[in-house]
Protein chains: 2
Amino acid sequence: MAAFTSKDVARLAGVSQSTVSYVMTGKRQISESTRRRVLAAMEQLTYEPHAGARALAGRRTQVVGLVVPFDSMSEMTGLLPFIETIASSARANDYEVLLVTADEGSAGLRRLAGRALCDAIIMMDIREQDERVHVAAALPIPVVLVGMPDDPAGLYCVDLDFDAAARIAVDELVDTGHDEAFVIGYPAAVTDRRLNFAGRFLRSVHRYAEVRGLPLTVLEPVEVGRAGAAAAVDHILAHRRPGRTGVVVPYNASIRPFLHALRARAVVPGRDLSLIGISTDHQAEDSEPPYTNISEEPRDVSRRAMKTLLWLLDPGPGVGHPPVDLVAPRLTRRGTVMPAPASAVRSS
Amino acid sequence: MAAFTSKDVARLAGVSQSTVSYVMTGKRQISESTRRRVLAAMEQLTYEPHAGARALAGRRTQVVGLVVPFDSMSEMTGLLPFIETIASSARANDYEVLLVTADEGSAGLRRLAGRALCDAIIMMDIREQDERVHVAAALPIPVVLVGMPDDPAGLYCVDLDFDAAARIAVDELVDTGHDEAFVIGYPAAVTDRRLNFAGRFLRSVHRYAEVRGLPLTVLEPVEVGRAGAAAAVDHILAHRRPGRTGVVVPYNASIRPFLHALRARAVVPGRDLSLIGISTDHQAEDSEPPYTNISEEPRDVSRRAMKTLLWLLDPGPGVGHPPVDLVAPRLTRRGTVMPAPASAVRSS
DNA sequence: GTGAAAGCGCTAACAG
DNA sequence: CTGTTAGCGCTTTCAC
């Protein structure tokens with residue numbers, strides 16, 4: 001395997017180099033006979049086109065840049081399904097994936113575009129006010145955001161619909177006759193960095209609670225882990241008013257420690273209070289106990305982000321694409337919400 | 001920002017294009033004054049060299065390919081620290097990271113090398129007999145394995161020292177006076193694919209148990225999750241002989257469910273039996289309860305893999321590199337191993 | 001339908 | 001110490 005070039009293929013097939021190129025790209029009609037000879041030659045030489053040369057001449061890299069957060073939290077936060085889905089999705093469309101860590105900030109973006117390392121970028125870990133968003137908007141290549149900054153600067157955004165998640169949570173608690181709700185807020189690592197989803201969820205949950213007349217308390221910040229969860233549980237137990245108490249845990253890494261803290265106090269979710277978590281279904285099902293959850297949909301979000309990106313790279317003839325694409329979460333009941341007492345059922 | 005070239009930089013600095021190139025690569029002595037002018041020009045134009053052109057002319061991409069497993073398990077198995085560490089490590093050495101999923105098999109490897117997408121490859125998810133290893137060995141670029149196949153085919157391997165892990169586990173149980181040990185084996189997803197680490201651990205644990213006269217039973221396969229863990233615990237409780245029982249859980253995703261199964265049966269690790277897990281310290285510490293563990297060291301393994309790879313790309317003057325580089329795990333006691341009764345202490 | 005030839009933007013001899 | 005020049009392996013006008 002000594003690195004053949006398209007020239008070698010051309011010679012072996014008895015055609016010109018350009019014909020080889022056109023066979024590969026399909027940008028020209030090629031007679032069936034020559035196409036066959038060319039393909040046979042490529043096969044025989046196990047030819048692979050040189051990506052750099054291709055990028056240089058064709059100004060297309062067939063690479064998408066993926067900007068991911070790699071802080072200490074990401075492991076718990078379920079970053080992997082995003083990466084995985086984007087990788088598969090890219091491969092299915094003949095793209096490679098170049099990984100860049102978010103801590104590079106704007107410099108990483110500039111490098112990706114400036115060096116022509118990729119044709120487009122998917123960026124995660126978006127903050128409410130994110131300087132990178134404006135840098136991204138000025139790049140000569142398309143950028144898709146996973147998340148919604150305050151000002152998208154004209155960029156396409158894909159994410160879970162956290163507003164809908166908040167509405168679903170409030171509705172579920174109200175419809176099952178709860179008298180009060182607590183929200184386990186985000187850890188300082190999230191609020192300090194003003195990650196976009198935290199604000200989106202909290203604003204919405206306040207609004208819907210008010211609309212439906214549900215007294216609501218947000219505990220914040222609540223650190224992920226034993227201590228933070230213990231403090232939160234103790235606070236709730238000490239301060240809750242008489243009646244049915246609901247707890248919403250929107251940050252998935254906080255759910256497990258919260259469940260542990262409840263168990264340690266012999267408080268049973270679904271009996272002594274209600275619990276709704278926002279997490280993947282997989283995590284909710286796998287937990288001990290399984291809990292009623294509003295689904296994060298990392299795979300769906302990633303797929304749509306990839307779809308948007310492909311469309312941006314090659315806008316089809318059809319109508320456009322929505323600039324903001326929010327994936328609707330689903331509620332799955334797993335018994336950690338106390339059912340409505342027969343007397344207290346209200347309609348949603 | 002209209003995509004400047006090194007020619008533009010050269011003109012602006014009043015030098016030739018090659019001088020610009022030499023300023024960047026440092027492969028030639030450049031007078032301080034011209035170097036300054038060139039750097040100023042690059043700065044002024046926010047110049048970034050075209051990666052494709054560079055790869056084409058310089059036959060160096062400054063990219064490392066990373067082949068990762070993206071099966072259903074990988075999320076639980078702690079893949080992220082590997083990816084993260086390799087990404088940072090690569091960046092620190094001016095390399096980009098191209099992500100390829102293991103399910104592409106040999107084709108992915110051939111593509112990476114054939115298309116000159118990268119200068120070297122790090123491959124994870126190695127099976128005992130892995131066709132990809134032989135393909136990799138024949139590639140014109142270096143490949144580092146994270147894991148140890150039966151036949152490394154001359155490739156450099158970096159991984160945790162599972163033999164040492166087995167020894168440490170057996171020693172700890174024997175030294176604390178245990179009369180018997182069980183090993184919670186790997187799930188079918190691992191054994192079916194003959195992933196290399198499973199065999200390495202199991203062979204060693206058998207050997208050391210025999211050496212130290214510890215009766216040992218390996219339960220296998222044990223599926224990850226509630227059902228598998230429950231079955232394993234029930235089996236152990238039903239079949240264990242009188243005396244002190246130790247349990248070793250080498251597959252980290254199995255540990256949590258195992259702990260749950262114990263708790264559900266009111267069996268307390270550290271009191272009613274002993275438990276040693278193999279997992280990251282972080283996971284062991286964060287678990288409920290924290291458990292005595294033998295450390296997986298994904299970051300250290302990744303760092304060393306990267307180091308080996310860089311050395312392969314540019315063998316320094318010093319002596320060579322060991323072809324197999326095993327990271328020593330550490331035991332951290334967290335109270336899930338019953339301490340030795342005063343009368344039964346034996347020396348290690 | 002197919003070829004010939006001119007670059008894409010960089011690196012690395014070869015010259016001085 | 002610096003400039004000139006010939007490619008690297010593709011894509012893509014032109015031309016037929």
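Residue numbers begin at 1 in each chain, while the letters A, B, ... track the order of the sequences. All values reported here derive from a predicted model rather than from experimental measurement.
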### Query
C/dT2 phosphate, OP1 or OP2: any side-chain N/O from A/T34 under 4.0 angstrom?
yes

### Task
Find the distance B/H50:NE2 to D/dC10:P and express it as a whole number of Å.
15 Å

### Message
Rounded to whole Å, please give me the gap between CD in A/Q29 and P in D/dT12.
### Response
17 Å

### Query
Which comes earlier along DNA chain C counting from the 5' end, the contact point of A/G58 or that of A/R37, where each point is its nearest nucleotide?
A/R37

### Summary
Rounded to the nearest 0.5 Å, the CZ atom of A/R115 sits from the CD atom of B/E48 at a distance of 5.0 Å

### Any B/S21 side-chain nitrogen or oxygen under 4.0 Å from OP1 or OP2 of C/dT11
yes

### Summary
Closest to the side chain of A/A57, out of D/dC10, C/dC10, D/dT2, is D/dC10

### Task
Could you please spell out the steps behind the side chain to side chain contact (heavy atoms under 4.5 Å, CB included) verdict for B/V64 and B/D119?
CA-CA 6 Å; B/V64 321; B/D119 297 331; over 6 Å; no

### Query
Just to confirm, is there a sub-4.0 Å distance from OP1 or OP2 of C/dT2 to any side-chain nitrogen or oxygen of A/T19?
no

### Message
Does B/M306 form a side chain to side chain contact (heavy atoms under 4.5 Å, CB included) with B/I122? I'd like the steps, not just the answer.
### Response
CA-CA 8 Å; B/M306 206 44 213; B/I122 293 181; 4.0 Å; yes

### Query
Separation of B/Q17 atom CD from C/dA15 atom P, in whole Å?
20 Å

### Summary
Separation of D/dG9 atom P from B/R59 atom CZ, nearest Å, is 6 Å

### Task
Would you mind telling me which residue lines up with the more 5' stretch of DNA chain D, A/Y47 or B/I30, judged by nearest nucleotide?
B/I30

### Query
A/K7 has an atom NZ; how far is it from atom P of D/dT11, in whole Å?
14 Å

### Task
Ignoring hydrogens and angles, answer whether the base of D/dT11 and the side-chain atoms of A/R54 contain a donor-acceptor pair closer than 3.5 Å.
no

### Message
Go nucleotide by nucleotide along DNA chain C from the 5' end; which of B/A53 and B/Y22 gets its closest nucleotide reached first?
### Response
B/A53

## Note on the structure
Closest of D/dG3, C/dG9, D/dG9 to the B/S16 side chain is D/dG3

### Query
Just checking B/V15: base, sugar-phosphate only, or nothing, at a heavy-atom cut-off of under 4.0 Å?
sugar-phosphate

### Query
Distance from A/L66 atom CG to A/F82 atom CZ, nearest 0.5 Å?
10.5 Å

#### Entry: Spacing between A/E32 atom CD and C/dG1 atom C1', to the nearest angstrom
13 Å

### Query
With respect to the phosphate group of D/dC1, does any side-chain polar atom (N or O) of B/S31 fall under 4.0 Å of OP1 or OP2?
no

### Message
Would the base of D/dT4 count as contacting B/S18 through its side chain, where contact means a donor and an acceptor less than 3.5 Å apart?
### Response
yes

### Query
Should the pair B/W311 and B/H321 be assigned to parallel (<30°), tilted (30 to 60°) or perpendicular (>60°) ring geometry?
parallel

### A/K27 NZ to C/dG3 P, straight-line distance once rounded to whole Å
19 Å

#### Entry: Short side-chain to backbone donor-acceptor contact, B/T5 and B/K7, under 3.5 Å
yes

## Note on the structure
A/L56 atom CG is separated from D/dC8 atom P, nearest whole Å, by 13 Å

### Message
Side chain of B/T25, heavy atoms from C-beta onward: which of D/dT2, C/dT11, D/dT11 has the nearest atom to it?
### Response
C/dT11

